[in-house]
> 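Attaching a single structure in structure tokens format; questions to follow.
Counting convention: from 1, in listed order, for ligands and their atoms alike. Predicted model, so just to flag it, every value in this text is computed and none were measured.
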Amino acid sequence: MSSRFVDSIMETVLARNPGEPEFHQAVKEVAESVAVVIDRHPELARAKIMERMVEPERQILFRVPWSDDRGEVHVHRGFRVEFNSAIGPYKGGLRFHPSVYLGIIKFLGFEQVFKNALTTTPIGGGKGGSDFDPKGKSDNEVMRFCQSFMNELFRHVGPDTDVPAGDIGVGAREIGYLFGQYKRLTNTFTGVLTGKGLEYGGSLVRNEATGYGLVYFVSRLLEARDKSWKGLKVVISGSGNVAIYATEKAQQFGAKVIALSDSSGYVVDERGIQLDTVKRIKEIERGRIREYADAHPSAKYEQGWQGIWSIPCDVALPCATQNEIDEPAAQALVRNGCIAVGEGANMPSTPEAIQVFLDSGVAFGPAKAANAGGVATSALEMSQNSMRLNWTFEEVDKRLQLIMNSIYDQCLAAAEAYNAKGNLMVGANIAGFLKVAKAMMAQGLV
Ligand code: NDP
Ligand code: 2IT
């Protein structure tokens with residue numbers, strides 16, 4: 001039954017979504033994990049729950065024209081895939097990156113459904129974005145693009161309908177421009193986006209939340225092996241929002257973060273990364289990680305991002321992008337003594353890489369669970385917006401820690417209940433799936 005279930009799901013998904021390998025990869029992993037649940041619950045099979053889950057409720061594609069500072073016109077494509085609203089309004093980030101096409105947004109939207117279910121907060125799943133590249137653009141160009149993007153998106157989103165946020169290439173600056181345009185078009189001041197500035201409805205800790213949450217989650221992985229962060233050598237890929245705040249929290253816990261990267265290359269600083277320098281280069285100057293080595297003679301820069309996984313470390317936190325750890329990279333990590341991997345990015349390990357980690361007993365924190373702290377804190381931002389109140393940093397951080405602990409416990413329990421003890425990837429998929437499936441069953445055939 002199990003393999004027939006996976007084959008039948010994949011046959012439909014491949015036929016209906018040709019040329020979208022990332023989406024196929026994301027669906028296959030979940031289908032393989034939940035086949036055992038379907039076996040045990042024939043009512044879910046009869047209701048075609050998984051068949052419904054792999055089909056987004058709504059997909060919006062639109063033209064985004066804008067003109068650059070020289071007056072030249074450019075045309076980009078905008079996406080919003082509203083995947084599943086069984087447990088709350090669609091929720092998920094916007095990605096602005098030249099690699100964005102429908103398959104990327106669908107894989108991210110699909111993963112978001114299960115991740116959001118794990119957070120214990122009432123949010124459905126969606127994702128959006130554009131093939132626009134904010135890199136090298138002026139603030140005015142980014143503003144005009146965001147305004148044009150929102151000129152279409154505003155019809156489809158709303159604080160009780162669909163609440164976007166940031167992802168790759170979308171941070172506080174972009175959220176500000178998008179929010180301003182939404183407010184102007186609708187004449188409403190609502191929590192339609194999260195990751196807002198603190199002056200206009202943002203939540204404390206949201207900026208830090210994905211990276212902090214990742215480190216809280218990995219703390220549990222380490223504790224289960226009688227280890228703590230103290231003195232551990234950590235390699236983190238990326239140098240954006242998630243990577244920076246994972247570095248900050250790991251350092252606060254006594255770890256030594258020795259490497260960071262961007263899509264051009266990586267820096268290694270065996271004395272420990274000086275985070276102030278990274279924040280200046282990345283958050284203020286929007287520069288390249290190579291510049292870190294100019295500021296610190298103790299560091300060396302290597303071209304190309306893949307080599308980062310050949311650096312010996314105790315803990316690896318991939319925080320850049322999908323499929324950044326392949327099988328050889330995973331083997332190198334294991335060979336060099338890595339004991340734990342926590343996925344800050346979405347789907348950063350290929351299926352073959354995950355298998356290497358599971359087979360070799362590396363403690364593995366899967367993305368849907370380990371990076372859920374960002375969207376969970378977005379849900380806390382939505383709560384505060386609804387109440388028109390702001391919690392303190394300590395209050396939000398405490399809630400984030402409780403949520404990450406709960407996610408870990410849910411994954412552990414679900415894995416154990418379905419004969420996959422200790423496999424948190426399977427546990428995350430099953431726990432997320434069951435919550436959404438139960439809500440869908442209760443709501444009838446919709
Ligand atoms: P940012 O745009 O802030 O940073 C992305 C970082 O990853 C940059 O250093 C970027 O380098 C690097 N990167 C992007 N694409 C590639 C690539 N193809 N190869 C190598 N490096 C690359 O994004 P975030 O930090 O927000 O997002 C990072 C990851 O975390 C993504 O997978 C995202 O989906 C995931 N995530 C983000 C959350 C959030 O709250 N922001 C929540 C949960 C998950 P460069 O500057 O050269 O492009
Ligand atoms: O992948 C993710 O969870 C995010 N980019 C955050 C989404 C959100 O709505 O905060």
Side-chain angles (χ1 to χ4, degrees), residues 22 88-100 104-105 107-116 118-119 121 123-129 133-136 157 162-175 191-196 202-203 205-214 236-247 260-267 278 281-283 286-290 304-308 317-325 342-349 367-382:
E22 298 86 0
Y90 309 107
K91 180 85 197 86
L94 298 171
R95 177 177 291 191
F96 291 171
H97 193 270
S99 63
V100 163
I104 292 278
I105 300 301
F107 116 66
L108 289 164
F110 182 74
E111 298 252 306
Q112 199 83 46
V113 174
F114 304 94
K115 180 199 303 191
N116 294 4
L118 289 171
T119 64
T121 63
I123 44 177
K127 202 84 186 191
D133 187 359
K135 254 194 244 119
V157 298
D162 183 355
V163 184
D167 194 83
I168 291 177
V170 177
R173 174 182 61 172
E174 289 74 16
I175 294 293
V192 65
L193 291 151
T194 59
K196 300 185 291 299
S203 173
V205 193
R206 176 61 190 90
N207 191 39
E208 295 85 356
T210 310
Y212 278 20
L214 171 65
I236 301 183
S237 64
S239 47
N241 175 268
V242 181
I244 287 175
Y245 291 96
T247 302
L260 288 173
S261 64
D262 59 23
S263 58
S264 312
Y266 61 95
V267 287
V278 179
I281 294 169
K282 287 291 175 178
E283 294 185 333
R286 297 181 187 277
R288 309 300 299 160
I289 201 66
R290 159 177 35 82
W305 50 271
Q306 293 99 330
I308 195 169
L317 304 177
C319 295
T321 195
Q322 63 277 352
N323 292 327
E324 55 171 310
I325 301 187
E343 295 189 318
N346 285 304
M347 207 167 77
S349 315
K368 290 184 196 82
N371 76 32
V375 75
T377 308
S378 279
L380 300 178
E381 181 171 330
M382 290 165 71

> Could you tell me the residue and atom name of the protein heavy atom closest to atom 2 (O) of ligand 1, and the distance to it rounded to 0.1 Å?
G169 N, 3.0 Å
> Going by the atom numbers of ligand 1, which of them fall below 4.0 Å from some non-hydrogen atom of W305?
19 (N), 20 (C)
> What part of A372, side chain from CB on, backbone N/CA/C/O, both or neither, has a heavy atom under 4.0 Å from ligand 1?
neither
> When you measure from atom 24 (P) of ligand 1 to every protein heavy atom, which one gives the shortest distance, and what is it?
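For atom 24 (P) of ligand 1, the nearest protein heavy atom comes out as V242 CG2, 3.9 Å.
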> Among protein heavy atoms, which sits nearest to atom 17 (C) of ligand 1, and what does the distance come to when rounded to 0.1 Å?
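So the nearest neighbour among protein heavy atoms is T321 CG2, 3.4 Å.
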> What atoms in ligand 1 come closer than 4.0 Å to a heavy atom of A345?
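Selected atoms, number and element: 29 (C), 30 (O), 32 (O), 35 (C).
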> Under 4.0 Å, counting heavy atoms only: does A372 come that close to any atom of ligand 2?
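Outside the 4.0 Å threshold, so no.
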> Identify, by atom number and element, the atoms of ligand 1 in contact range of S261, meaning under 4.0 Å from any of its heavy atoms.
9 (O)
> If I apply the N/O under 3.5 Å rule, does Q322 come out as touching ligand 1?
no
> What is the closest protein heavy atom to atom 48 (O) of ligand 1, and at what distance does it sit?
K135 NZ, 2.9 Å
> Using a 3.5 Å cut-off on N or O atoms only, is N346 in polar contact with ligand 1?
yes
> Measuring from atom CD of E343 to atom CG of L214, what distance do you get when rounded to the nearest 0.5 angstrom?
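Between E343 CD and L214 CG, I get 9.5 Å after rounding to 0.5 Å.
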> Which of the numbered atoms in ligand 2 are below 4.0 angstrom from a heavy atom of S378?
8 (C), 9 (O), 10 (O)
> Between P89 and M382, is any pair of side-chain heavy atoms under 4.5 Å apart?
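Yes. Closest side-chain heavy atoms under 4.5 Å.
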> Using a 4.0 Å cutoff against the non-hydrogen atoms of G166, which atoms of ligand 2 qualify?
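Going through ligand 2 atom by atom, the ones under 4.0 Å from G166 are 4 (C), 5 (N), 6 (C).
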> Give, for atom OG1 of T377 and atom CD of E208, the distance between the pair rounded to the nearest 0.5 Å.
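One finds 9.5 Å between OG1 of T377 and CD of E208.
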> Can you confirm whether K135 sits close enough to S263 that some side-chain heavy atom of one is under 4.5 Å from a side-chain heavy atom of the other?
yes
> Do R288 and I281 have side chains that approach each other closer than 4.5 Å (heavy atoms only, starting at C-beta)?
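Side-chain contact under 4.5 Å: no.
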> What residue and atom, counting heavy atoms only, is the protein's closest point to atom 7 (C) of ligand 2, and at what distance?
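Of every protein heavy atom, G93 N, 3.5 Å lies nearest to atom 7 (C) of ligand 2.
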> Suppose we measure from atom 31 (C) of ligand 1 to each protein heavy atom; which comes out shortest, and what is that distance?
A320 O, 3.3 Å
> Going by the atom numbers of ligand 2, which of them fall below 4.0 Å from some non-hydrogen atom of K115?
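In order of numbering, the contacting atoms are 1 (O), 2 (C), 3 (O).
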> Does S239 use its side chain to pair, donor to acceptor, with the backbone of L260 at less than 3.5 Å?
no
> Does the pair D162/K91 count as a salt bridge with the N-to-O cut at 4.0 Å?
no
> Under 3.5 Å, side chain of D262 to main-chain N/O of I289, donor-acceptor pair present?
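Yes.
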> Examine ligand 1 and decide if any of its atoms is less than 4.0 Å from a heavy atom belonging to G171.
no
> Heavy-atom distances under 4.0 Å decide this one: backbone, side chain, both or neither, for C319 against ligand 1?
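The answer is the backbone.
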> To the nearest 0.5 Å, how far apart are CD1 in I308 and OG in S261?
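Those atoms lie 4.0 Å apart.
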> Checking side chain to side chain contact (heavy atoms under 4.5 Å, CB included) for the pair N207/N241: CA distance, chi angles, key distance, verdict?
CA-CA 7 Å; N207 191 39; N241 175 268; 2.9 Å; yes
> Under 4.0 Å from any heavy atom of R95, which atoms of ligand 1 are there?
31 (C), 32 (O), 33 (C), 34 (O)
> For K127, is at least one N or O under 3.5 Å away from an N or O on ligand 1?
no
> For ligand 1, is there an N or O atom under 3.5 Å from any N or O atom of S263?
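N/O-N/O distance below 3.5 Å exists for this pair.
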> Say you draw a straight line from CD of Q306 to OH of Y266; how long is it, rounded to the nearest 0.5 Å?
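The OH atom of Y266 is 10.0 Å from CD of Q306, to the nearest 0.5 Å.
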> In plain terms, say whether R206 and E381 are close enough for a salt bridge, that is, a side-chain N and a carboxylate O under 4.0 Å apart.
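The answer is no: the pair does not qualify as a salt bridge.
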> Given side chain to side chain contact (heavy atoms under 4.5 Å, CB included), test T121 with N116 step by step and report yes or no.
CA-CA 7 Å; T121 63; N116 294 4; over 6 Å; no
> Could you report the tightest heavy-atom contact between T210 and G374, atom names first, then the distance?
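Where T210 meets G374 most closely, the heavy atoms are OG1-CA, 3.1 Å.
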> List the closest protein heavy-atom neighbour of atom 4 (O) of ligand 1: residue, atom name, distance to the nearest 0.1 Å.
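The answer is G240 CA, 3.3 Å.
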> With backbone taken as N, CA, C and O and side chain as the heavy atoms from C-beta onward, which portion of T210 lies under 4.0 Å from ligand 1: side chain, backbone, both, or neither?
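It is the side chain that touches ligand 1; the backbone stays farther off.
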> Considering the heavy atoms of A165, write down every atom of ligand 2 situated less than 4.0 Å from one of them.
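That gives atoms 8 (C), 9 (O), 10 (O) of ligand 2.
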> Which atoms from ligand 1 have a heavy atom of S239 less than 4.0 Å away?
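So the answer, numbered in order with elements, is 9 (O).
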> Considering only heavy atoms, which of K127, K91, R206 lies nearest to atom 6 (C) of ligand 2?
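Answer by nearest heavy atom: R206.
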> With heavy-atom distances below 4.0 Å as the criterion, list the atoms of ligand 1 near G344.
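Every atom of ligand 1 under 4.0 Å from some heavy atom of G344: 30 (O), 35 (C), 36 (N), 44 (C).
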> Which is it for N346 and ligand 2 at heavy atoms under 4.0 Å: side chain, backbone, both or neither?
side chain
> Looking at ligand 1, is there an atom of it that comes within less than 4.0 Å of some heavy atom belonging to R288?
yes
> Any chance you could measure L193, atom CG, to L94, atom CG, to the nearest 0.5 Å?
7.0 Å
> Heavy-atom distances under 4.0 Å decide this one: backbone, side chain, both or neither, for H97 against ligand 1?
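Side chain only.
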> Indicate yes or no for a side-chain donor-acceptor contact from N371 to the backbone of G344 under 3.5 Å, with no hydrogens or angles considered.
yes
> Got a second to check how far E22's CD is from Q322's CD, nearest 0.5 Å?
6.0 Å
> Identify the closest protein heavy atom to atom 41 (N) of ligand 1: which residue and atom is it, and at what distance?
N241 OD1, 3.8 Å
> What I want to know is whether N371 and ligand 2 share at least one N or O pair that is separated by under 3.5 angstrom.
no
> Examine the proximity of ligand 1 to R206 and report which part, side chain or backbone, both or neither, has a heavy atom under 4.0 Å away.
side chain
> For atom 23 (O) of ligand 1, grab the closest protein heavy atom and report residue, atom and distance to one decimal in Å.
I168 CA, 3.5 Å
> For ligand 1, is there an N or O atom under 3.5 Å from any N or O atom of K115?
no
> Which heavy atom of I168 sits nearest a heavy atom of A320, and at what distance?
CD1-O, 3.5 Å
> Does any donor atom in the side chain of K368 or N346 lie under 3.5 Å from an acceptor atom in the other side chain?
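No pair is found: no donor N or O on one side chain lies under 3.5 Å from an acceptor on the other.
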